[in-house]
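In what follows, a single structure is set out as structure tokens and then discussed.
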Amino acid sequence: MRMKIVSAGRWMLGAAAVALCLAGQAVAAEPKSGGTFKLVGSGDVAGFDPVSARTAAVFLHRALTRTLVAFPTDADPKVAAQPVADLAEAVPVAEEGGLVYRLTIREGATWNTETPRQITAADAIRGFKRLCNPVQPTGTPTYYIGVIKGFADYCAGFAKVPADVAAIRDYVEGTNVEGLTAEDERTLKITLERPTADFASILALVSSAPVALEMLDHLPNSPELRRNYVSSGPYVIEDYILNESISLVRSESWNAAADPIHKAYVDRIEVAFGTPDAGKTQRMIEAGDIDGYFDLSIATADLTRIMADPGDTQLLQFADGAINPVLVINLASPNNNKALADIRVRQALNYAVNKSAIVQVGGGPAVKQPIGQLLTANVIGHKPYDPYPTPESKGDPEKAKQLLAEAGFPNGIELKYSYAAGGRYDLYSAALQADLAKAGIKLIMQPGPSRTVMSQMYQNRQATNAGAWDLGMTSLRADWVGDSARTMIVPMFHGEACEKSTSNWTCYNNPAVNALIDKALTATDEAVAAESWAEADRAIMADAPVVPLITGKISLYASERMRGTTVNLLFNNVDPTLVWIDE
């Protein structure tokens with residue numbers, strides 16, 4: 001069916017991470033097919049294109065896009081952290097001293113084209129080659145550049161290509177990457193520049209997914225690409241009204257026999273955008289009008305009420321190891337005579353925040369804890385410490401004032417604060433504004449839609465360098481589960497090619513930190529890697545480019561009729577291809 005468009009290491013995990021509740025008291029013996037899975041979200045996804053997809057978009061791609069290998073949905077985090085075969089017939093084993101991986105794509109795995117056709121090794125190569133496109137490249141270039149042989153040179157050439165459809169298509173189809181070879185129609189050979197212990201995990205990212213030739217007819221992440229997306233998964237896009245809704249239906253060409261991961265029980269998946277009020281979403285779920293959250297979580301007031309009933313099996317709680325929220329400091333801002341380039345001002349921000357207040361907004365100490373570092377307890381390399389401690393984590397306004405005065409701001413400072421409006425970020429921001437004011441830090445509030453703030457502020461190098469924003473709010477989370485310190489540190493803090501990165505927004509670049517990261521990435525001994533990651537964590541926070549605030553559990557809610565609601569930590573939601581309806 002063609003779419004119709006309207007517009008493996010060691011880590012620690014708490015018991016909460018594996019105690020994922022199933023919705024409903026009476027669970028049927030066998031899953032049922034049929035019905036519509038309905039969700040509500042605050043807004044459309046900023047990056048739908050696989051190369052730039054983040055959490056909520058990855059949820060959609062779980063239904064639309066198959067990867068070579070995949071992280072399974074399982075309540076046991078040790079199982080969930082081990083990639084399994086998806087499009088590939090088997091998880092590849094490193095050959096030739098860890099430098100070569102071979103994958104054979106399953107026969108019968110097809111594209112959802114008018115005449116379904118086999119997904120090939122050439123399609124897989126095309127997926128990699130689109131990663132560093134000049135329109136919207138992947139936010140995690142260091143997962144591929146410097147890893148796949150010849151990819152750095154390929155991407156350097158791509159950066160010079162005009163950002164138009166014809167030029168991008170010609171470059172992708174006419175330029176080879178030394179380390180990517182189709183040995184036959186279905187066999188892909190990947191050659192690396194250096195052994196990379198977590199390469200199988202990188203292959204499980206949606207950014208590593210094969211891409212159909214037709215996708216080159218549209219600019220990356222453009223509305224046209226969204227409207228004409230060619231699916232490889234069990235669902236296809238039926239309707240996509242930008243910023244309003246998206247509807248997926250089961251693909252008529254999907255071959256279940258060639259897909260060991262996805263089950264596609266429900267007939268339809270519908271997401272309505274434009275409801276930033278988590279309380280309203282909760283009421284809709286409890287009334288049975290919808291089945292769950294898309295990109296938000298339970299509001300604090302509702303969570304307090306729901307957690308008072310320990311027998312509520314519709315409550316889904318899990319710890320993904322994210323720091324959410326974290327404040328990002330724009331080191332490049334020229335405002336206030338380049339004040340944020342002064343480490344004393346950045347340290348003042350770290351001392352001024354009242355993390356205890358943020359904990360309360362996030363749901364209270366039963367689900368959230370303050371944090372002062374980058375690596376959380378379920379990530380290899382985590383060594384607990386707090387470089388900027390304050391009494392009871394309530395902030396130290398006097399210490400902050402002292403540092404500001406030493407930096408030349410005895411009367412305080414004004415900072416432009418841009419953040420994604422809607423949901424809990426509004427509440428976090430209000431608390432921050434009040435508490436930072438006690439230290440003489442006045443926030444000029446610049447709320448906006450998530451997509452706008454991300455694309456026009458954080459990822460816009462010109463806006464960043466011009467001082468359009470001084471502070472931003474985001475989350476810092478692993479791109480995959482398990483041995484994932486790379487994913488929490490490299491994208492935002494490795495300085496290599498920072499000018500081209502869409503994740504290192506402020507071009508943080510410390511050669512000592514880069515060296516520690518490179519040491520961890522190339523380590524073959526787990527203990528050496530862990531120590532290097534821990535040292536990198538400390539070195540980064542000594543520079544204070546960010547202000548980590550809280551970590552803990554995420555709380556979702558499933559409608560009474562939903563089953564199969566185990567959460568996948570890759571996208572922090574239930575698996576849309578495994579849920580089913582019991583009514």
Side-chain angles (χ1 to χ4, degrees), residues 1-5 31-41 44-45 47-74 84 86-87 109-113 116 119 127 204-212 215 225-241 245-256 258-273 290-295 556 558 562-581:
M1 176 187 292
R2 287 288 290 170
M3 64 191 78
K4 172 190 171 188
I5 303 301
K32 301 176 182 178
S33 294
T36 300
F37 179 30
K38 301 178 182 179
L39 303 100
V40 164
D44 206 340
V45 295
F48 174 84
D49 195 303
V51 304
S52 56
R54 303 296 292 173
T55 309
V58 174
F59 167 87
L60 295 175
H61 281 290
R62 188 70 168 192
L64 295 168
T65 304
R66 295 180 63 186
T67 46
L68 296 167
V69 297
F71 288 109
T73 299
D74 198 284
V84 297
D86 186 357
L87 279 174
T110 62
W111 293 112
N112 171 58
T113 45
I119 298 171
L205 301 178
V206 70
S207 55
S208 301
V211 169
M215 291 295 89
L225 181 138
R226 298 179 187 221
R227 293 168 182 153
N228 295 278
Y229 190 74
V230 179
S231 169
S232 57
Y235 293 89
V236 297
I237 299 174
E238 180 188 58
D239 301 301
Y240 196 157
I241 305 176
S245 64
I246 184 170
S247 298
L248 313 183
V249 296
R250 194 185 294 111
S251 170
E252 294 179 358
S253 64
W254 173 61
N255 181 3
D259 189 342
I261 301 296
H262 313 90
K263 302 304 178 185
Y265 294 121
V266 298
D267 294 332
R268 300 175 58 86
I269 301 167
E270 296 181 352
V271 183
F273 307 130
I290 63 171
D291 296 305
Y293 290 91
F294 176 61
D295 57 358
L556 301 178
M562 295 309 299
R563 302 292 181 266
T565 54
T566 298
V567 168
N568 187 301
L569 297 181
L570 188 65
F571 44 86
N572 286 351
N573 209 331
V574 300
D575 190 328
T577 71
L578 297 181
V579 296
W580 53 282
I581 296 170

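Basis for what follows: all heavy atoms, side chains included, without hydrogens, waters or symmetry-related copies. Sequential numbering from 1 along the given sequence is applied to the chain's residues.
Rounding to the nearest 0.5 Å gives a distance of 4.0 Å between OG of S253 and CG of N112. Put simply, OG1 on T110 and CD1 on I119 are 6.5 Å apart, with the number rounded to the nearest 0.5 Å. Here F571 contributes atom CZ and L60 contributes atom CG; the two are 10.0 Å apart, rounded to the nearest 0.5 Å. The distance from the OG1 atom of T577 to the CZ atom of F37 is 10.5 Å, given to the nearest 0.5 Å. Taken from OH in Y235 to OG1 in T65, the straight-line distance is 14.0 Å, to the nearest 0.5 Å. If you take CZ on F59 and CG on N568, they are separated by 10.5 Å, rounding to the nearest 0.5 Å.
Shortest non-hydrogen contact noted between V266 and P576 is CG2-O, 4.3 Å. Between G564 and V579, the shortest heavy-atom distance links the atoms O-CG1, 3.5 Å. In terms of heavy-atom proximity, F48 sits nearest to A57 at CA-CB, 4.4 Å. Shortest non-hydrogen contact noted between L68 and S208 is CD1-O, 4.3 Å. Looking at every heavy atom in both residues, A109 comes nearest to A258 through N-CB, 3.9 Å. The minimum heavy-atom distance between W111 and P210, with the atom names listed, is CH2-O, 3.4 Å.
Contact of the I261 side chain with the R62 side chain is registered, since non-hydrogen atoms from C-beta on lie closer than 4.5 Å. Between D295 and N573, the closest side-chain pair of non-hydrogen atoms is not below 4.5 Å. A heavy-atom distance below 4.5 Å is not found between the side chains of R563 and I581. You'll find the side chain of V45 stays beyond 4.5 Å of the side chain of I246, heavy atoms only. Residues D44 and R226 are in side-chain contact: their nearest non-hydrogen atoms beyond the backbone lie under 4.5 Å apart. Contact of the L248 side chain with the I237 side chain is registered, since non-hydrogen atoms from C-beta on lie closer than 4.5 Å. The closest side-chain heavy-atom distance from T113 to V230 is below 4.5 Å. L570 has its side chain within reach of V58: a pair of non-hydrogen atoms, C-beta onward, lies under 4.5 Å apart.
Salt-bridge annotation for R250 and D267: present, with a side-chain N of the basic residue lying under 4.0 Å from a carboxylate O of the acidic one.
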Test side chain to side chain contact (heavy atoms under 4.5 Å, CB included) on H262 and R66 and set out the steps.
-> CA-CA 9 Å; H262 313 90; R66 295 180 63 186; 3.7 Å; yes

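Judged by distance alone, the side chain of D291 and the main-chain N or O of K38 form a donor-acceptor pair under 3.5 Å. Side chain of D86 to backbone of T67: a donor-acceptor contact under 3.5 angstrom is found. In terms of modelled atom types and a separation under 3.5 Å, the side chain of T36 and the main chain of R268 share no donor-acceptor contact. With hydrogens and angles disregarded, no donor-acceptor distance shorter than 3.5 Å links the side chain of H61 to the backbone of D49.
The side-chain contact (heavy atoms from CB on, under 4.5 Å) test with T73 is passed by exactly one of T565, L569, D575: D575.
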